[in-house]
**Student:** 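Just passing along the structure, written as C-alpha cells.
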Amino acid sequence: MSLEFLRPPDLWFWGLLLGVCSFSLWSIFKLWPIHQVRIPVLIRISLFSLLLFSLLQPKITRKIPKEYPLKWNVYTDNSMSMGYHQAYSLTTLNEEIKEILNKIEDKGAVIDRFHFSNEVIHTDLYEPLNAGGSSTDLGIVLNSIKEEEKDNLAGVILFTDGQITHGLDPVQTSSEIHVPIHIIGVGEDTPLVDIAIKSIDVPTVAIKGEDVEATVVVMATGIIANEGINITLSKEKKIIGSRFMKIQGDGVQSDVHFRFKPDDLGEIAYQVQVSSLENEINVQNNRQSFHLTILKNRYRVALLTGAPNYNTSVMKMMMNNQPRIKIDHFIFINDSFQPAIKKFWETSYDLIVLDNYPIQSVSSQWQRFFAKKIVAQKTALAWIIGPSVDPLSAKSFFPFFHLKSLESKVDGEKYYRWSFNETIVNYPIFPQNEVPLYSIDQTELPPLKPGLQVSSTKKMIQSLANLISPQQIPVLLIGEVESLRTVVWTTPDFHTLYYKLTGTRRSDMFAGIWNGFFGWLMRTTGDNDMYFRLDKDSYQQGELIKVMGNKIGQVSPASHAAITLQHGENTINSTELRYNPTFQRWEGQLWASKPGTYGYEIIFQNENATSSQKGVFIVKESQIELNKVFLNDNLLRKISLKTGGNYFHWDSRNELIDHIEQRTITKRKVVYIEPHNEWWILIGFIVLLTVEWSLRRRAGLM
C-alpha cells in the first residue's frame with residue numbers, strides 16, 4: 001500500500017495546522033481534568049485532523065492479489081478436405097469431437113471454440129463442422145493465438161488434417177507461440193489420388209504457320225504406381241496433339257510439351273485435357289483452356305499509283321521496312337494498269353493505298369466492284385493525295401473515305417504552317433518518345449501547300465492535323481466506320497515533309513507516324529498491340545492466377561504494367577506486373593477470390609502513351625482442397641513440438657484428456673482510494689459529529 005498527496009501543502013494548510021495544534025493543546029490543558037468532556041474533545045480533535053488531512057487530497061494505492069482462470073482455445077478445421085476422409089464420416093467427426101469437449105469440461109477447464117478454413121470464426125461450443133471451407137490457412141490460426149495468448153490462454157487444442165492450401169508457412173510462425181498447442185490429426189496418411197493441370201505456359205501471341213510450343217505442367221498426388229495417362233491438346237474438339245506418359249504420385253510435377261502450327265487468325269481457344277485415374281475424387285482440374293492470338297505471317301498491301309511521283313518512292317521505302325508486308329504495286333499507264341489489274345481484283349488485301357490516284361474519274365461500275373471488294377475482305381484504305389489528283393477526279397472516291405469538298409477554300413499555291421491537334425490522343429499509335437505530337441511547336445514543321453481541300457461527313461472520321469489558315473483545312477484525316485479503317489493525307493507534299501525533317505531532331509517523327517498508321521490500318525499494332533493473357537480461363541477458389549504477355553513495340557525503362565480485377569462495378573484487386581528479360585514478357589500473379597465471373601483490365605503505360613486490354617475469367621466453387629486429402633502428420637508434429645504441445649493421431653485422441661488441466665493466473669488488482677472523494681468518509685464524518693453532539697449534551701455542555 002502506498003500514500004501520495006495530490007495537492008501540496010500551502011499557506012492555508014500551514015495556518016490551519018497551526019490552529020488545530022493550538023486548539024488541541026489548549027483543550028488538553030484546560031478541559032482534560034474534566035472526565036465528562038475528554039471523549040468529545042478527542043472526537044473534536046480527530047474531526048479537525050481529518051479535515052486537515054483531506055485538504056491535501058490524499059490518494060491511497062492498494063494491490064490485491066486475485067486468481068483468474070486461463071481458457072483453452074479449441075480450433076477445428078472446417079475446410080472441404082475434412083469431409084472426404086474415407087475412414088471417418090463428417091457425422092462421426094462431429095460426435096467424437098463433442099465427446100472430447102465434454103470430457104475436457106468435466107475436468108473444469110474453460111473452453112472457447114473456433115472453426116477455421118480461410119478465416120477464423122468464433123462459434124458455439126458444440127457447433128458442428130460442415131466442411132464448407134474453400135481452403136486451409138493454419139497461419140491465421142496461429143496469428144489468432146498470438147493475439148490473445150498472453151495472460152489469457154492455458155493452451156490450444158487443434159483438430160485438422162494439416163493440409164495447407166493458402167497462407168504462410170505455419171512452422172515458422174509456431175516458433176513465436178508461447179503456449180502449448182495439442183494437435184489431433186484427422187485423416188489417413190496415404191493421400192487420395194488426384195491428377196491436376198497445374199499451369200499452361202504458352203506465348204500470348206504467335207504468327208500463323210510458325211511453330212508454337214506449349215508446356216503443360218501436370219501434378220499427381222496420392223499413391224500412383226507408375227500409371228499411364230493421356231494428355232491431349234485440342235481446338236474446337238479436334239485433337240491437334242496427344243502425349244502418353246507414365247506418372248508418379250506424391251506431388252510429383254511433370255512437364256508435357258506440345259508443338260503445333262496455328263492455321264487460323266485471331267484469338268483462338270485451345271483445350272488441354274488429362275485422362276482421369278481410378279478413385280480420383282476431383283476431375284474438375286483435369287481440363288483447362290487457354291487463348292492464343294494468331295497474327296498473319298504476311299500482310300498484303302496493294303499500292304495503286306495514278307501517276308509516278310516523288311511520294312511513291314518514300315511510301316514504298318517505309319512499307320518495305322516492315323518485314324511482314326508484301327506489296328503489289330499497280331501503276332496506271334495509258335488508261336490501264338501495269339501489271340494487269342486482274343490480279344488486284346482476285347487477291348485479298350489487308351490494305352489498299354491510293355497514291356496520286358485517281359487522275360481521272362472512274363466509272364460507277366468500277367466503284368461498285370471496289371466497294372464490294374473492301375467490304376467483303378474488310379480491307380483498310382489509305383489515300384495519299386498527289387499532284388495529279390484534282391477535285392473532279394477525287395470525287396469518285398469521296399464515298400469510300402466519307403469526305404466532301406469545302407465550300408470556301410484557300411489559295412492552293414501558297415504554303416501554310418500546320419500543326420497536330422489534341423484529337424490525336426484518341427489514337428495511341430504514334431511515337432511519344434519526346435512530347436505529345438499536338439504540343440509540337442508549329443515552327444518545327446515545314447510549311448505545306450494545300451492539295452485536296454475536304455472535310456469529313458462522319459463524326460467517326462477526325463482531323464488530326466490542320467493548316468493554320470483563315471479557313472481550317474484538314475491535313476490528316478483518320479477514322480473507322482463499320483469496322484473499315486481509313487487514313488487520308490490531303491497535301492501533295494508527302495515527300496517534301498519527309499526530306500525536310502531528315503537530319504532534324506524530328507527526323508524519326510514522320511516515319512514513326514506512318515509506321516503507326518500502317519500498323520493501325522492493318523490491325524497489327526495500335527489498339528490490338530497488347531497481347532496479354534491469364535494462364536487459364538477458369539480457376540478454383542484459392543488457386544494462383546498467373547498473368548503474362550507482351551506489348552508490341554519498344555519497352556523503355558519507364559514502362560509500367562498492372563492488372564486490375566473487377567467484380568460487377570467493384571474493383572477487387574490490383575497487382576503490378578514485372579518484365580522478365582529471360583522470357584521477354586511481362587509477368588504477375590494474384591489469387592482467385594470468391595466464385596463468380598470476373599473482369600480484368602491490363603493497363604500498360606509507356607512514358608506519355610497508355611494502352612489497355614480487357615478480358616474475363618471464371619472462379620469456380622473451390623475443389624482445390626480435394627487435391628490434398630490426407631493427413632500431413634509431419635507438419636503437425638513440427639508445430640506441436642515447437643510450442644511444447646503434443647501430437648495425437650485421431651485413433652489416440654482420448655490421450656489428449658490427460659494433458660488438459662485447469663490453470664489459473666494470479667494477478668494483482670490495483671485499488672485506488674481518494675478519501676476526499678469517497679461517500680463513506682462523509683458518512684463517517686457525520687456520525688462522529690452526531691456522537692460528539694450527544695456526549696456534549698449528556699455532559700451538560702449544551
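For reference, positions follow the sequence shown, starting with 1. In this text, all values refer to a predicted model and were calculated from it rather than measured experimentally.
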**Student:** For Phe258, does the CZ atom sit with more than 12 other heavy atoms under 6.0 Å from it, leaving out its own atoms?
**Tutor:**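 For Phe258, atom CZ is crowded (more than 12 foreign heavy atoms under 6.0 Å).
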**Student:** His257 and Glu213: which non-hydrogen atoms are nearest, and at how many Å?
**Tutor:**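 Taking His257 first and Glu213 second, the nearest heavy atoms are ND1-OE2, 3.4 Å.
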**Student:** Is the shortest side-chain heavy-atom distance between Asp411 and Tyr416 below 4.5 Å?
**Tutor:**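 Side-chain contact under 4.5 Å: yes.
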**Student:** What is the distance from atom OG of Ser469 to atom OH of Tyr415, rounded to the nearest 0.5 Å?
**Tutor:**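 It is 15.5 Å, given to the nearest 0.5 Å.
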**Student:** So do Ile602 and Val547 actually touch side chain to side chain, heavy atoms under 4.5 Å?
**Tutor:**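 Yes; the side chains approach each other to less than 4.5 Å.
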**Student:** Kindly state whether the ring of Tyr349 and the ring of Tyr299 have centres lying under 6.0 angstrom apart.
**Tutor:**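 Between Tyr299 and Tyr349, which both carry aromatic rings, the centre distance is not below 6.0 Å.
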**Student:** Kindly give the heavy-atom pair with the smallest separation between Lys449 and Asp493, and that separation in Å.
**Tutor:**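 That closest heavy-atom pairing would be N-OD2, 2.7 Å.
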**Student:** Please confirm whether Trp366 and Phe369 have ring centers closer than 6.0 angstrom.
**Tutor:**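 No, too far apart.
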**Student:** side-chain hydrogen bond (donor to acceptor under 3.5 Å, both in side chains) for Ser313 and His495? Distances and angles first, verdict last.
**Tutor:** CA-CA 8 Å; Ser313 59; His495 68 286; over 6 Å; no
**Student:** State yes or no: are the ring centers of Tyr539 and Tyr598 separated by less than 6.0 Å?
**Tutor:**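 Between Tyr598 and Tyr539, which both carry aromatic rings, the centre distance is not below 6.0 Å.
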**Student:** With a 4.5 Å cut-off on side-chain heavy atoms, are Phe401 and Leu381 touching?
**Tutor:**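 Answer yes - side chains close enough.
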**Student:** Under 4.5 Å between any side-chain heavy atoms of Lys261 and Glu210, yes or no?
**Tutor:**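 A side-chain contact is absent here, since even the closest heavy-atom pair is not under 4.5 Å.
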**Student:** Can Lys198 and Asp535 be counted as an ion pair, charged N to O under 4.0 angstrom?
**Tutor:**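 No.
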**Student:** Ignoring hydrogens and geometry, is there a side-chain-to-backbone donor-acceptor pair from Arg533 to Val202 under 3.5 Å?
**Tutor:**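 Between the backbone of Val202 and the side chain of Arg533 there is a qualifying donor-acceptor contact (under 3.5 Å).
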**Student:** Is any side-chain heavy atom of Tyr357 closer than 4.5 Å to one of Phe330?
**Tutor:**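 Contact flag for Phe330/Tyr357 side chains = no.
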**Student:** Verify, without hydrogens or angle tests, whether Asn309 (side chain) and Ala307 (backbone) share a donor-acceptor contact under 3.5 angstrom.
**Tutor:**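 Checked: pair present.
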**Student:** Counting only heavy atoms not in Gln472 (residues, nucleotides, ligands), do more than 12 fall under 6.0 Å from its CD?
**Tutor:**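 Atom CD in Gln472 is not crowded, with 12 or fewer foreign heavy atoms closer than 6.0 Å.
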**Student:** Side chain of Thr457, backbone of Lys404: donor and acceptor closer than 3.5 Å?
**Tutor:**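 Side chain of Thr457 to backbone of Lys404: no pair is present.
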**Student:** Please report the shortest heavy-atom distance between Pro474 and Ser455, naming the atom on each side.
**Tutor:**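 Taking every non-hydrogen atom into account, CG-CA, 4.5 Å.
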**Student:** Please round to the nearest 0.5 Å and tell me the distance separating atom CD1 of Ile240 and atom CD of Gln271.
**Tutor:**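 It is 9.0 Å, given to the nearest 0.5 Å.
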**Student:** Given Arg300, which of Asp350, Asp328, Thr379, Thr347 fulfils the side-chain hydrogen bond (donor to acceptor under 3.5 Å, both in side chains) condition?
**Tutor:**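 Of all the options given, the one that passes is Asp328.
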**Student:** Does atom CZ of Arg287 have more than 12 heavy-atom neighbours from other groups under 6.0 Å away?
**Tutor:**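 Counting other residues, nucleotides and ligands, CZ of Arg287 stays at 12 neighbours or fewer.
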**Student:** Aromatic contact between Phe604 and Trp586, with the criterion being ring centroids under 6.0 Å apart: yes or no?
**Tutor:**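 Ring-ring flag for Phe604/Trp586: true, centres closer than 6.0 Å.
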**Student:** Taking all non-hydrogen atoms of both residues, which atom of Phe420 and which atom of Ile513 are closest, and how far apart?
**Tutor:**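 Answer, listing the atom of Phe420 first, then Ile513: CZ-CD1, 3.5 Å.
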**Student:** Under 3.5 Å, is there a donor-acceptor pair between the side chain of Gln613 and the main chain of Phe532?
**Tutor:**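 At least one qualifying donor-acceptor pair exists.
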**Student:** Between Arg585 and Asp201, is there a salt bridge with N-O shorter than 4.0 Å?
**Tutor:**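 A salt bridge links Asp201 with Arg585.
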**Student:** How about Trp489 and Phe517: are their ring centroids closer than 6.0 Å?
**Tutor:**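 Aromatic pair excluded; centres sit 6.0 Å or further apart.
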**Student:** Please confirm whether the backbone N or O of Gln566 pairs with a side-chain atom of Asn570, one donor and one acceptor, at under 3.5 Å?
**Tutor:**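 The answer is no, because no donor-acceptor pair under 3.5 Å joins these two groups.
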**Student:** Pairing donors with acceptors under 3.5 angstrom, does anything connect the side chains of Gln471 and Ser408?
**Tutor:**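 Yes.
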**Student:** Within a 6.0 Å radius of atom NZ on Lys326, are there more than 12 heavy atoms belonging to other residues, nucleotides or ligands?
**Tutor:**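 Counting neighbours around NZ of Lys326, more than 12 heavy atoms of other residues, nucleotides or ligands fall under 6.0 Å, so yes.
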**Student:** Is there side-chain contact between Ile331 and Phe337, with heavy atoms separated by less than 4.5 Å?
**Tutor:**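 In short, these two side chains do not touch, never coming nearer than 4.5 Å.
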**Student:** Any non-hydrogen side-chain atom of Gln365 less than 4.5 Å from a side-chain atom of Ser363?
**Tutor:**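 Sidechains of Ser363 and Gln365: in contact.
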**Student:** Run the side-chain contact (heavy atoms from CB on, under 4.5 Å) check on Leu445 and Phe510 step by step: do they pass?
**Tutor:** CA-CA 10 Å; Leu445 302 173; Phe510 187 78; over 6 Å; no
**Student:** Measure the CE-CD1 distance between Met548 and Ile200 for me, rounded to the nearest 0.5 Å.
**Tutor:**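 Taking CE in Met548 and CD1 in Ile200, the distance rounds to 9.5 Å.
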**Student:** Working to the nearest 0.5 Å, report the span between CD1 of Ile563 and OG of Ser612.
**Tutor:**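 If I round to the nearest 0.5 Å, the distance is 12.0 Å.
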**Student:** Within 45° of the axis and under 6.0 Å from the centre of the six-membered ring of Phe344, does NZ or CZ of Lys373 qualify?
**Tutor:**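 The answer is yes, since Lys373 meets both limits relative to Phe344.
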**Student:** Can you check side-chain contact (heavy atoms from CB on, under 4.5 Å) on Val314 and Tyr499, steps first, answer last?
**Tutor:** CA-CA 9 Å; Val314 174; Tyr499 289 117; 3.7 Å; yes
**Student:** Step by step, work out the side-chain contact (heavy atoms from CB on, under 4.5 Å) result for Phe332 and Gln338.
**Tutor:** CA-CA 6 Å; Phe332 193 74; Gln338 296 294 332; over 6 Å; no
**Student:** Does the gap between the ring centers of Phe494 and Tyr310 come in under 6.0 Å?
**Tutor:**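 Centroid distance Phe494-Tyr310: not below 6.0 Å, so no.
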**Student:** So how far is it from Gln453 CD to Ile473 CD1, rounded to the nearest 0.5 Å?
**Tutor:**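 Going from CD on Gln453 over to CD1 on Ile473, the span is 4.0 Å.
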**Student:** Main chain of Ile239, side chain of Ser242: is a donor-acceptor contact present, judged purely on distance under 3.5 Å?
**Tutor:**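 Side chain of Ser242 to backbone of Ile239, a donor-acceptor pair under 3.5 Å: no, none is there.
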**Student:** For Gly479 and Trp520, which heavy atoms make the closest approach, and how far apart are they?
**Tutor:**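 Closest pair (atom of Gly479, atom of Trp520, distance): O-CH2, 3.4 Å.
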**Student:** Quick one about Thr486 and His402 (side-chain donor to acceptor, distance below 3.5 Å, no hydrogens or angles considered), yes or no?
**Tutor:**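 No, Thr486 and His402 have no side-chain donor paired with an acceptor closer than 3.5 Å.
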**Student:** Just wondering, more than 12 heavy atoms not from Lys235 lying within 6.0 Å of its NZ?
**Tutor:**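 Atom NZ in Lys235 is crowded, with more than 12 foreign heavy atoms closer than 6.0 Å.
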**Student:** Could you pull out the closest heavy-atom pair between His567 and Thr597, with the gap in Å?
**Tutor:**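 Heavy atoms only, the tightest pair is CD2-O, 3.5 Å.
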**Student:** Could you check if a side-chain atom of Leu452 sits within less than 4.5 angstrom of a side-chain atom of Ile385, using non-hydrogen atoms only?
**Tutor:**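 The answer is yes; the side chains approach within 4.5 Å.
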**Student:** Just how far is it from atom OG1 of Thr491 to atom CG of Leu497, taken to the nearest 0.5 Å?
**Tutor:**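 The OG1 atom of Thr491 sits 7.5 Å away from the CG atom of Leu497.
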**Student:** Under the side-chain contact (heavy atoms from CB on, under 4.5 Å) rule, what do Thr312 and Asn356 come out as? Steps first, then yes or no, please.
**Tutor:** CA-CA 8 Å; Thr312 307; Asn356 196 27; 5.9 Å; no
